[in-house]
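Here's the structure we're looking at; comments come further down.
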Amino acid sequence: MKKSDIKALIDQMTLEEKVSLLTGANAWSTVEIPRLGIPSINLSDGPHGLRRCDGLGWGESVPATCFPPAVLLACSFDEELAKKQGMALGEEAQAQDVQIVLGPANNIKRSPLGGRCFEYCSEDPVLSGHISAGVIDGIQSKKVGTALKHFACNSQETERFVINEIIDERALREIYLASFEYPVKKAKPTSVMCAYNKVNGDYCSQHKWLLTDVLRNEWGFKGFVMSDWGAVDNRAQGVYAGLELEMPGTGEENKRELINAVNGERVSMHSADPKFKNKLTVFQINKAVMRLLEVVFALHEKKNGKLCDYSKHHKTAVEIARESMVLLKNNGVLPIKGGKTAVIGEMAVNPRYQGGGSSYVNAINVTKPLDAMSEYGEVEYAQGYSLDDDKDFDKINDAVKLAAGCDRAVIICGLPLSYESEGYDRTHMDLPENQLRLIDEVVRKQPNTVIVLCNGSPVAMPFVGKVNGILEAYLGGEGAGEAIADLLYGKVNPCGKLAESFPQYLEHNPSYGNFPGENGKVCYSEGIYVGYRWYEKHNIPTLFPFGFGLSYTAFRYDEIELSETEAGENDEITVTVTLSNTGDMDGKEIVQLYVKENSPRVSRPVKELKGFKKIWIKAGESEKVTFTLDRRCFAYWDDEIHDWRVDGGKFTVLVGGSSDNCPLSACVDIKAKEYFRPLTVHTTYSELKFHPKRESFIKEILSITGEEFKETLDNQPSDWPLRTMVSMCSTKITLANLVDIIDDINGK
Ligand code: BGC
């Protein structure tokens with residue numbers, strides 16, 4: 001429907017009808033107004049599978065394909081693969097009469113303890129942004145809408161409805177918002193879901209700076225913003241700030257708030273922004289209704305009800321899992337060749353493949369690792385541990401006996417479902433005690449042991465040096481069993497890489513001591529130093545670094561070439577490298593490009609990911625891989641000018657297969673516009689020395705004091721601010737003179 005037709009409809013609506021549209025009809029759909037032909041649309045979770053609730057409430061959901069959660073998908077480092085997952089999700093949404101899929105979830109992983117880390121992609125905003133953009137592109141290509149969530153900074157579950165996240169401007173821009181910026185600009189989601197928490201004092205559901213100034217005005221977002229379920233605090237302020245749809249519906253209560261705000265009657269004053277005077281105009285309500293209806297009509301018109309092929313989607317789920325699982329260690333034990341394998345661990349028959357909470361999918365076809373492995377070779381199973389009781393050690397003996405009599409043992413273990421879920425954070429990174437003891441005892445009798453980990457977030461690995469192989473399978477979706485078997489037996493060559501660092505100890509994590517906060521607030525005191533940015537800056541070794549992952553083949557990097565060795569800050573630079581598969585198995589490599597500023601003026605990470613490409617190469621062959629770098633790849637956020645800034649100087653471009661292994665590097669000299677802070681009475685004499693306004697400033701001062709003051713000026717201590725010339729030099733300058741001169745020079 002055309003904008004003008006929607007406008008005509010809005011003109012015919014009563015105020016009651018308008019505000020009724022701005023709150024959900026129930027938990028999963030928008031309000032319809034039959035008299036005006038306004039349809040309702042259906043919304044459904046979630047990021048990695050449809051959770052279409054039967055009926056209007058919170059009941060069991062309709063069976064659907066459970067794709068790998070974002071924690072695993074992101075390890076593919078493959079935007080196209082993410083798109084493929086999105087396309088399948090879009091098809092299922094069409095088949096289930098869902099018009100908006102509530103995802104992707106795109107928050108940055110600040111702490112491995114975060115309860116929803118399994119739903120989020122990465123600690124790095126470039127990787128996270130690209131994966132989410134792929135998912136959005138895929139879903140929307142099937143004419144289904146998306147809700148990019150949770151905007152912004154939902155980094156923890158503890159007190160998630162009320163916690164105040166205190167974050168400096170630079171960290172917000174470079175890390176937490178950057179993760180949303182790329183998908184908003186590139187993939188244009190039909191909607192964005194605001195987070196529960198506060199950011200720097202304001203609830204995200206009524207945060208004008210976030211929802212309007214940044215999201216709409218800076219990034220050009222054109223869809224509508226919906227609340228997370230129950231995130232609305234002050235409804236009228238929400239509309240003022242840019243929150244169009246409240247979910248789920250709250251019925252009369254908040255409709256009345258909006259009507260009162262328009263009619264100038266009493267509305268709730270709690271947590272109100274002083275700039276918002278508790279008054280809304282009809283124009284503001286109309287604008288919100290317009291933004292919502294544009295999406296509602298567009299998506300309703302594109303409903304096609306087409307049935308979808310769930311068995312094809314299962315294969316897609318397996319493919320994504322295979323492309324993403326990460327081989328962390330291999331002392332020649334993998335791929336498995338011949339002999340008999342002891343498969344140990346309840347997760348081999350009762351797999352852990354998704355996380356708990358609103359993203360929980362009623363999966364159609366869950367494959368068990370044990371069944372899938374038995375298709376490849378001789379296997380025998382022992383339970384080894386119980387998932388229900390961490391302190392049950394009774395199953396260890398049988399497992400050890402079995403392992404000792406086989407050629408190798410594969411222990412499938414990880415975090416039980418109750419360990420990680422939406423709604424609460426973990427308090428430690430340990431596997432259950434019975435699993436750790438099992439691993440210890442099995443390894444003593446069977447050194448040829450492989451650990452397959454099923455977890456939604458990093459775990460401690462006290463066994464890392466004792467076992468011969470580790471496959472990080474994360475949460476692999478319903479096809480995890482097949483993917484694990486395909487990788488262990490070498491049908492497929494592992495090619496996933498870690499989208500997050502695994503710390504050696506929780507205490508090494510940058511958020512340690514400031515997670516999950518106290519007294520209602522949490523301070524992100526690590527600033528921009530999240531994940532590898534922190535470990536590298538502080539030289540802290542990790543258990544496994546960001547971007548790390550092994551293959552059954554070997555890759556060699558050579559010949560890095562830059563299109564320019566000197567460039568302007570706005571020039572594009574092309575980087576070309578040669579990648580060779582020097583092993584004897586075809587395989588895929590994730591080529592990662594990092595940028596480092598050699599002598600930064602401000603504190604900057606050692607290096608930052610700016611590009612990545614997944615390349616398939618036949619054994620013995622080579623490929624050229626090309627990247628393009630733009631201004632943003634060299635920029636940082638300057639919180640004085642409130643903008644992206646590039647400082648001229650030398651930058652190193654590093655390319656390799658992991659953040660800790662970049663064999664190629666080349667230098668580029670970037671010429672950038674020089675920035676100077678405006679002169680103020682607080683400018684120090686040392687800053688003045690190199691300031692472009694220095695000459696005119698001194699001239700003005702001397703015109704009042706006389707030339708003889710020049711020498712005194714030149715000899716002022718370099719760390720003194722200019723205002724000291726009034727009190728310390730007993731000149732003829734008054735503070736008012738100084739302020740006038742400075743204002744004049746700054747052009748005020
Ligand atoms: C979650 C959202 C989810 C919504 C609807 C909320 O609790 O935070 O991610 O989309 O519920 O289920």
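Start at 1 and go down the list; that is how both ligands and their atoms are numbered.
Ligand 1 does not have F161 within reach: every non-hydrogen atom of the residue lies 4.0 Å or more from it. The shortest separation from a heavy atom of E119 to ligand 1 is not under 4.0 Å, leaving the residue out of contact. In this structure, M247 does not count as a contact residue of ligand 1, since none of its heavy atoms falls inside 4.0 Å of the ligand.
Residue contacts with ligand 1, taken as heavy atom pairs separated by less than 4.0 Å, involve W28 solely via side-chain atoms from C-beta onward. Of the heavy atoms in M226, none comes closer than 4.0 Å to ligand 1. The side chain of R116, and not its backbone, has at least one atom closer than 4.0 Å to an atom of ligand 1 (non-hydrogen atoms only; side chain from C-beta on).
Distances below 4.0 Å separate heavy atoms of K149 from the following atoms of ligand 1: 2 (C), 3 (C), 9 (O), 10 (O). Every atom of ligand 1 is numbered from 1 in the order shown, and the set under 4.0 Å from a heavy atom of R51 is 12 (O). Heavy-atom proximity to D228, at under 4.0 Å, picks out these atoms of ligand 1: 1 (C), 2 (C), 3 (C), 4 (C), 6 (C), 7 (O), 8 (O), 11 (O). Listed by number with element, the atoms of ligand 1 under 4.0 Å from a non-hydrogen atom of E422 are 1 (C), 6 (C), 7 (O), 8 (O). Every atom of ligand 1 is numbered from 1 in the order shown, and the set under 4.0 Å from a heavy atom of R160 is 7 (O), 8 (O). Atoms of ligand 1 found under 4.0 Å from any heavy atom of M193 (numbered from 1 in listed order, with element): 10 (O).
Electrostatic pairing of E252 and R256 does not count as a salt bridge here, judged by no charged N lying under 4.0 Å from a carboxylate O.
Side-chain contact, Y120 with H150: a donor N or O sits under 3.5 Å from an acceptor N or O. In the model, N234 has no side-chain atom that pairs as donor or acceptor with a side-chain atom of Y203 under 3.5 Å. Under the 3.5 Å distance criterion, with hydrogens and angles disregarded, a donor-acceptor pair is assigned to the side chains of S511 and N509. Side chains of S128 and N106: a donor on one and an acceptor on the other come within 3.5 Å. When only modelled atom types and interatomic distance are considered, E123 and S501 share a side-chain donor-acceptor pair under 3.5 Å. Side-chain contact, Y524 with S155: a donor N or O sits under 3.5 Å from an acceptor N or O.
For ligand 1, none of its N or O atoms has an N or O atom of W229 under 3.5 Å away. Considering backbone and side-chain atoms alike, H150 places an N or O below 3.5 Å from some N or O of ligand 1.
The aromatic rings of F161 and Y196 sit tilted, their planes meeting at an angle between 30° and 60°.
Checked by atom type and distance alone, the side chain of E244 never pairs as donor or acceptor with a backbone atom of F224 at under 3.5 Å.
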